[in-house]
Amino acid sequence: MIQKEGNWVPYELKPRDIERRLFVCEQLLQRQNRKGFLHRIVTGDEKWVRYDNPKRRKSWGKPGHASSSKAKPNIHGAKVMICIWWDQLGVIYYELLKPGETITGDKRVCKAKDIAPKFTLAGWRKDLAYTLCKIGEVRPKKGRPSTPLRNKITSTRPQSFRPSKDYVLIMGDNNFEQRCAIRFCFKLGHNATETFQKLQQAYGEDVLSRAQVFRWFKAFSEGRELIEDEPRSGRPSTSKNDENIAKVRDLVRSDRRMTVRMIGEQLGLSHTTVHQILTVDLEMIKICAKMVPKILSQDQKDNRRDRCLDFLEQIENDHSFLECVITGDESWIFKYDPETKRQSQEWHTSASPRQRKGRMSKSKIKTMLICFFDSQGIVHKEFVPQGQTVNQHFYKEVLERLRKRVIRVRPNIKNTWVLHHDNAPCHTAISVNQFLATRGPSTSLFT
């Protein structure tokens with residue numbers, strides 16, 4: 001048994017939906033065979049478009065160097081729905097929905113009436129006729145193109161012969177066999193002309209050229225024993241020189257996220273040459289940036305270092321200090337999180353088909369959770385009401401409920417507990433600091 005990942009599909013179809021789609025496809029194929037009509041079909045659909053898609057960009061660097069850090073942004077709220085209609089030529093009309101707008105039956109009817117004039121506007125796509133831009137001729141409005149025009153379309157790009165690997169192997173074996181025959185004829189005492197005539201009788205059109213036969217016959221007569229071709233160094237590289245290596249080094253240092261093709265286009269070099277310069281001559285590799293919660297400034301780094309040193313000093317003086325620390329933070333909680341492909345793996349045999357899984361996106365419905373915990377577990381948690389902003393007034397109410405909760409569930413540290421939270425504006429407000437100094441814990445720590 002092996003674990004197989006499921007295939008992502010747009011939707012999880014029921015058997016009834018599968019049968020209905022199969023029936024519609026069969027009807028469309030039958031109608032297309034009777035009379036071509038696919039060029040008149042306009043397809044419409046709606047889709048969520050995310051306009052803030054974070055990606056970890058690779059940058060060039062030496063092996064062993066630390067990767068750069070990149071803040072992990074929120075990818076769930078930045079999206080908009082697009083309604084789009086297209087045919088075989090491309091997009092006809094599209095529209096972005098306004099925030100809060102819902103797609104209904106009446107809405108689609110109105111949109112269909114709105115896009116109807118698009119077909120006849122200034123004669124554009126009237127009767128869905130289209131233009132052959134590459135040839136400069138207009139296809140007739142109805143029916144298929146005429147035979148001369150169809151021949152012209154298919155003959156615009158001449159077909160070039162590209163030998164396959166099998167063809168190259170066969171030709172190589174044929175040449176090796178003829179070289180063996182040349183050496184055999186030399187051993188029998190035949191001259192070069194007689195050898196070439198015998199090869200013509202045996203191989204016909206596939207025989208080696210007269211010059212090749214004479215060249216190999218001369219090599220064997222001079223004492224050569226090796227039948228295979230000697231290894232060749234190949235054409236010397238003219239683009240891989242010190243000047244181009246220096247140009248690639250300077251360009252990469254100016255922008256370490258440039259791709260190999262971008263560097264090649266800018267310097268006029270092939271992408272294979274650029275890749276060899278980067279990996280062989282400059283000994284560079286591409287390293288992905290490391291995702292971190294936030295990008296800290298130097299002052300914030302120094303402040304956190306000082307805080308950590310203070311913590312270590314207090315722990316040395318009091319070994320039970322960490323048992324009195326209660327940490328608090330806020331986090332967004334989504335209504336549901338879709339399963340990843342790795343999480344949906346199932347055990348199957350190698351011959352069993354892969355399962356299908358409907359593609360889902362993160363839920364747009366979310367709420368904020370405020371949680372406080374210590375070394376023993378969660379002390380207090382609560383959800384922020386919908387529409388409520390976490391400001392200094394709301395946070396003071398949360399701290400008051402936390403204080404009462406500590407007295408009830410952690411009575412042994414009710415007078416010595418220490419609050420540890422970040423330096424968000426609502427945490428460092430003057431009113432909050434005054435509350436912590438009068439009714440809060442013995443100490444408040446910020447990081």
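Model, not experiment: these values are computed from the prediction. In this chain, numbering begins with 1 at the start of the sequence shown.
Scored by the side-chain hydrogen bond (donor to acceptor under 3.5 Å, both in side chains) test, Arg408 finds no partners at all (sequence neighbours excluded). A search for side-chain hydrogen bond (donor to acceptor under 3.5 Å, both in side chains) contacts involving Glu323 returns nothing, not counting sequence neighbours. Taking the side chain to side chain contact (heavy atoms under 4.5 Å, CB included) definition, one finds that Leu29 meets it with nothing, sequence neighbours left out. With sequence neighbours excluded, no residue forms a side chain to side chain contact (heavy atoms under 4.5 Å, CB included) with Pro411. Every residue meeting the side-chain hydrogen bond (donor to acceptor under 3.5 Å, both in side chains) condition with Ser320, not counting sequence neighbours, appears here in chain and number order: Asp318. Every residue two or more places apart in sequence or in another chain that forms a side chain to side chain contact (heavy atoms under 4.5 Å, CB included) with Gln376 is listed here: Asp374, Arg410. Scanning for side chain to side chain contact (heavy atoms under 4.5 Å, CB included) contacts around Asp302 gives Gln298, Arg305, with sequence neighbours left out.
Counting only distance, with no hydrogens or angles, the side chain of His420 and the backbone of Ile326 share no donor-acceptor pair below 3.5 Å. The backbone N or O of Met368 sits nowhere less than 3.5 Å from a side-chain atom of Glu330 that would complete a donor-acceptor pair.
When side chains are defined from C-beta on, Leu322 does not count as touching Phe311, because their heavy atoms never get closer than 4.5 Å. Residues Glu382 and Arg401 are in side-chain contact: their nearest non-hydrogen atoms beyond the backbone lie under 4.5 Å apart.
Considering CG of Asp206 and CD of Glu177, their distance stands at 10.5 Å, rounded to 0.5 Å. Annotation: the span from Phe383 atom CZ to Leu369 atom CG amounts to 5.0 Å, rounded to 0.5 Å.
Minimum heavy-atom separation, Ile315 to Phe321: CG1-CD2, 4.0 Å. When every heavy atom of Asn423 is checked against every heavy atom of Thr428, the shortest pair comes out as CA-CG2, 3.8 Å. Among all heavy-atom pairs drawn from Gln392 and Cys426, the shortest one is N-CB, 4.0 Å. Closest of all the heavy-atom pairs between Phe435 and Leu399 is CE2-CB, 3.5 Å. The shortest non-hydrogen separation linking Phe372 to Gly328 is CD2-CA, 3.4 Å. Pairing each heavy atom of Val91 with each of Tyr94, the nearest pair is CG1-CD2, 4.1 Å.
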Expected list for residues 14-25: side-chain donor-acceptor pairs under 3.5 angstrom, two or more places apart:
residue: Asp17; atom: OD1; partner: Arg20; partner atom: NH2; Å: 3.4

Validation: residues 247-256 side-chain donor-acceptor distances under 3.5 Å, sequence neighbours left out:
residue: Ser254; atom: OG; partner: Leu251; partner atom: O; Å: 2.6
residue: Asp255; atom: OD1; partner: Arg257; partner atom: N; Å: 3.2
residue: Arg256; atom: NH1; partner: Trp60; partner atom: O; Å: 2.9

For residues 258-271, please give each side-chain donor-acceptor pair under 3.5 Å, one per line with the distance, not counting sequence neighbours.
residue: Thr259; atom: OG1; partner: Met262; partner atom: N; Å: 3.2
residue: Ser270; atom: OG; partner: Thr272; partner atom: OG1; Å: 3.2
residue: Ser270; atom: OG; partner: Thr273; partner atom: N; Å: 3.3
residue: Ser270; atom: OG; partner: Thr273; partner atom: OG1; Å: 2.7

Could you walk me through whether Asp329 and Phe373 satisfy the side-chain contact (heavy atoms from CB on, under 4.5 Å) test, starting with their C-alpha distance in whole Å, then the side-chain angles of each, then the deciding distance to 0.1 Å, before giving a yes or no?
CA-CA 9 Å; Asp329 200 4; Phe373 54 93; 5.6 Å; no
**OP:** Under the side-chain contact (heavy atoms from CB on, under 4.5 Å) rule, what do Leu97 and Cys83 come out as? Steps first, then yes or no, please.
**Re:** CA-CA 7 Å; Leu97 264 66; Cys83 299; 3.0 Å; yes
Inset, instruction - Just do the side-chain hydrogen bond (donor to acceptor under 3.5 Å, both in side chains) check on Asn241 and Asn244 with the steps written out, would you? - result: CA-CA 6 Å; Asn241 49 38; Asn244 289 333; 3.3 Å; yes
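Screening residues 22-31 for side chain to side chain donor-acceptor pair (under 3.5 Å), with sequence neighbours left out, gives no hits. Applying the side chain to side chain donor-acceptor pair (under 3.5 Å) rule to pairs touching residues 274-288 yields nothing, sequence neighbours excluded.
Ring geometry, Trp85 versus Tyr93: the interplanar angle falls from 30° to 60°, so the pair is classed tilted.
Judged by distance alone, the side chains of His427 and Asp422 do bring a donor and an acceptor atom under 3.5 Å apart.
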